[in-house]
Amino acid sequence: MVALTQNRKVVVLGSTGSIGVSTLDLFEQAGVAVEILALTAGRNVAKLAEQALRWRPRVAVIDDETGLPELRERLAGSGIEARAGAAAVTEAAAMGADWVMSAIVGAAGLAPTLAAARTGAVIALANKESLVCAGPALLRIAREAGGSVIPVDSEHSAIFQVLQRDCIDRVSRLILTASGGPFRTWDKAAMALATPEQAVAHPNWSMGAKISVDSATMMNKGLEMIEASYLFDTPQERIDVVIHPQSVIHSLVEYTDGSTLAQMGPPDMRSPISCAFSWPQRLSWPAQRLDLAAYGQLTFEEPDLDRFPSIAIAREALRLGGGAPAAMNAANEVAVAAFLDRQIGFLDIAGAVAGTLERMNGLGNLADNDADALDSAMMTDASARRIAAEVVGQVRRSN
Ligand code: NAD
Ligand code: MG
């Protein structure tokens with residue numbers, strides 16, 4: 001066990017995003033001893049440079065190569081190396097850190113997360129899409145390299161914290177809680193007209209645009225079901241979803257003796273990040289405490305699969321197995337981007353994902369794929385993106 005006072009070498013992938021910023025803020029609040037080897041970002045040069053000047057990593061990497069001259073200029077004289085491009089992001093992930101925060105959004109996080117896994121680092125995994133694309137491969141590679149994957153997604157962090165590892169065969173059900181997102185109480189006609197601005201306005205959590213839309217469609221819960229299935233080696237029949245609008249209970253594990261354990265806390269991602277940083281110890285920082293009386297009531301509902309078909313689509317992808325989860329994820333990324341770009345309507349997102357899966361399954365493109373092999377996951381990702389772009393094009397023309 002690494003003592004919490006011991007200086008730890010850290011890489012933060014996706015440092016300028018919602019999770020990345022929360023990670024650095026937690027370091028500050030908890031006063032942890034870290035040496036940051038690398039900070040990486042997609043496009044936001046100004047924010048990356050500002051973080052680099054504060055945290056003094058050895059290298060700051062921007063994925064978008066056109067941002068390199070500006071990054072160099074902003075870091076001039078600091079002694080911090082400025083680099084750019086996807087390969088440089090992946091190299092930063094493999095610098096030999098003790099702890100790597102994987103917080104890039106989308107399948108773009110897969111290659112860097114795998115590179116980090118190969119070094120045997122502890123991976124704090126926020127980037128759920130990499131698990132959905134290649135979960136078995138990622139977990140196997142991390143295990144073989146002597147490292148570990150600790151979930152940061154609040155639901156999986158909750159399960160991780162209440163799972164009794166010495167009686168894993170006595171777990172009867174994993175129960176994922178879901179806030180229900182901004183459209184929980186909307187009817188279908190209103191949802192059809194929902195705008196990107198309405199979809200990203202999440203009631204409880206402040207997050208990046210893509211995951212906010214995923215929360216609104218509830219594909220986020222679908223992705224999380226797959227994430228839970230891989231992380232905790234549990235078939236989809238034993239994973240349930242319950243709507244819990246207050247987001248206080250982050251998830252539950254039901255045991256065969258009728259006992260159900262839950263993990264609770266105010267909705268603040270610094271809490272699961274803190275857990276992933278210190279596990280199996282605990283950090284001490286001025287976290288907001290849970291005031292149950294102030295909530296008064298915690299409520300629960302069944303998810304409505306008619307308005308939120310994404311949960312059923314994800315179950316089907318898990319049932320199909322092989323490349324289906326990777327294809328579903330890729331199609332969802334394409335459809336969400338098209339929605340944010342106002343090319344398709346809100347309800348078209350799930351339609352496009354289901355349509356892509358159906359086409360790929362019809363072509364026999366899913367079942368042959370080995371979920372444990374990285375190459376086939378990448379190939380599935382690429383072909384699902386092509387087909388999803390066609391499906392999105394058809395939806396646009398018919399709207
Ligand atoms: P975000 O959009 O706020 O941040 C994404 C980060 O990735 C940014 O730093 C961005 O610059 C970087 N990035 C984007 N595209 C990139 C690319 N192609 N190459 C390299 N870097 C790239 O997203 P977020 O809300 O912080 O979410 C990050 C991940 O964590 C997602 O997988 C999300 O599902 C997961 N997650 C987020 C939350 C949350 O509360 N925000 C909760 C649970 C899980
Ligand atoms: Mg979550």
Side-chain angles (χ1 to χ4, degrees), residues 11-26 38-52 60-65 67 71 83-93 101-113 115 123-133 151-160 176-181 200 202-215 218-228 231 241 244 247 249-251 263 267-273 275-276 329 332-333 336-337 340:
V11 166
V12 181
L13 301 169
S15 64
T16 57
S18 167
I19 294 287
V21 166
S22 292
T23 302
L24 295 176
D25 185 59
L26 173 76
L39 296 176
T40 82
R43 295 175 180 279
N44 193 340
V45 176
K47 194 157 178 177
L48 176 63
E50 180 197 313
Q51 291 178 330
V61 187
I62 192 84
D63 177 70
D64 173 15
E65 303 198 16
L71 184 62
R83 301 195 61 198
V89 173
T90 296
E91 282 167 26
M101 167 52 76
S102 166
I104 292 172
V105 60
L110 178 58
T113 305
I123 313 246
L125 192 82
N127 175 231
K128 65 189 84 186
E129 296 91 345
S130 59
L131 258 188
V132 172
C133 284
V152 168
D153 216 347
S154 57
E155 296 76 3
H156 307 75
S157 174
I159 293 170
F160 181 83
L176 300 174
T177 52
S179 70
V200 300
H202 196 277
N204 304 342
W205 302 94
S206 153
M207 311 183 285
K210 192 261 178 182
I211 182 177
S212 297
V213 175
D214 286 346
S215 296
M218 292 199 69
M219 177 51 91
N220 186 46
K221 222 40 61 178
L223 294 167
E224 290 183 354
M225 203 187 303
I226 298 172
E227 189 185 4
L231 274 173
V241 173
H244 166 43
S247 300
I249 296 182
H250 297 308
S251 278
Q263 185 268 343
D268 181 341
M269 287 308 292
R270 289 172 301 182
S271 171
I273 296 167
C275 175
N329 176 69
N332 182 56
E333 287 190 33
V336 169
L340 286 172

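Counting starts at 1 for both ligands and their atoms, in listed order.
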task: Distance to 0.1 Å, residue and atom name: give those for the protein heavy atom nearest to atom 14 (C) of ligand 1.
output: Val105 CG1, 3.8 Å

message: Rounded at 0.5 Å granularity, tell me how far CD1 in Ile104 sits from CG in Asp63.
response: 7.5 Å

message: Is there a polar contact, in the sense of an N or O pair closer than 3.5 Å, between Trp205 and ligand 1?
response: no

query: Would you say the side-chain atoms of Thr16 and Asn44 include a donor-acceptor pair closer than 3.5 Å?
result: no

- request: Return the name of the atom in Glu224, of element N, O or S, nearest to the Mg ion (ligand 2).
  value: OE2

- request: Output yes when the distance from some N or O of ligand 1 to some N or O of Ala209 is under 3.5 Å, and no in every other case.
  value: no

task: State, to 0.1 Å, how close Gly67 and Ile62 come at their nearest heavy-atom pair, and which atoms those are.
output: C-CG2, 4.1 Å

query: How far is atom 33 (C) of ligand 1 from its nearest protein heavy atom, and which residue and atom is that?
result: Ile211 CD1, 3.8 Å

query: Heavy-atom contacts under 4.0 Å between Met207 and ligand 1: side chain, backbone, both, or neither?
result: both

- prompt: For Asp153, what is the atom name of its N, O or S atom nearest to the Mg ion (ligand 2)?
  reply: OD1

message: I'd like to know whether ligand 1 has Gly20 as a neighbour, heavy-atom separation below 4.0 Å.
response: no

field: Heavy-atom proximity to atom 24 (P) of ligand 1, best of Ser18, Ala126, Ser15
entry: Ser18

statement: Nearest non-hydrogen protein atom to atom 18 (N) of ligand 1, with distance, is Ala108 CB, 3.5 Å

query: Judged by atom type as modelled, is there a donor-acceptor pair below 3.5 Å linking the side chain of Thr40 to the main-chain atoms of Gly14?
result: yes

message: Would the distance check show the side chain of Asp64 and the main-chain N or O of Gly85 forming a donor-acceptor pair, the cut-off being under 3.5 Å?
response: no

Min side-chain heavy-atom separation Pro151-Leu125 under 4.5 Å: no

query: Rounded to the nearest 0.5 Å, how far does CE of Met269 lie from OG of Ser157?
result: 7.5 Å

- request: Ignoring angles and geometry beyond distance, decide whether Ile19 reaches within less than 3.5 Å of ligand 1 through its nitrogen or oxygen atoms.
  value: yes

- line: In this structure, atom 32 (O) of ligand 1 is nearest to the protein heavy atom Glu129 OE1, 2.6 Å

query: Would you say Gly42 has any N or O atom under 3.5 Å from an N or O of ligand 1, going by distance alone?
result: yes

- prompt: What protein heavy atom sits nearest atom 44 (C) of ligand 1, and how far off is it?
  reply: Asp153 OD1, 3.5 Å

Nearest non-hydrogen protein atom, atom 34 (O) of ligand 1: Lys128 CE, 3.2 Å

- prompt: Who's the nearest protein heavy-atom neighbour of atom 7 (O) of ligand 1, and how far?
  reply: Ile104 CA, 3.4 Å

field: N or O pair under 3.5 Å between Ser154 and ligand 1
entry: no

task: Determine which of the N, O or S atoms in Glu155 is closest to the Mg ion (ligand 2) and give its atom name.
output: OE1

task: Just need the protein heavy atom nearest to atom 6 (C) of ligand 1, so name the residue and atom and give the distance.
output: Ala103 O, 3.5 Å

- prompt: So is Val89 close enough to ligand 1, meaning a heavy atom under 4.0 angstrom away?
  reply: no

query: Distance from Cys133 atom SG to Asn329 atom CG, nearest 0.5 Å?
result: 4.5 Å

message: Is there a polar contact between ligand 1 and Gly14, counting only N or O atoms under 3.5 Å apart?
response: yes

query: Between the side chains of Lys128 and Asn220, is a donor N or O closer than 3.5 angstrom to an acceptor N or O?
result: yes

message: In this structure, does ligand 1 have an atom that sits under 4.0 Å from one of the heavy atoms of Asn44?
response: no

message: Has Glu129 got a side-chain atom pairing as donor or acceptor with Ala107's backbone, closer than 3.5 angstrom?
response: no

message: Check whether Glu227 reaches the backbone of His156 with its side chain - one donor and one acceptor, N or O, closer than 3.5 Å.
response: no

message: I need the Lys47 NZ to Leu39 CG distance, nearest 0.5 Å.
response: 12.5 Å

query: Ignoring hydrogens and geometry, is there a side-chain-to-backbone donor-acceptor pair from Asp153 to Glu155 under 3.5 Å?
result: no

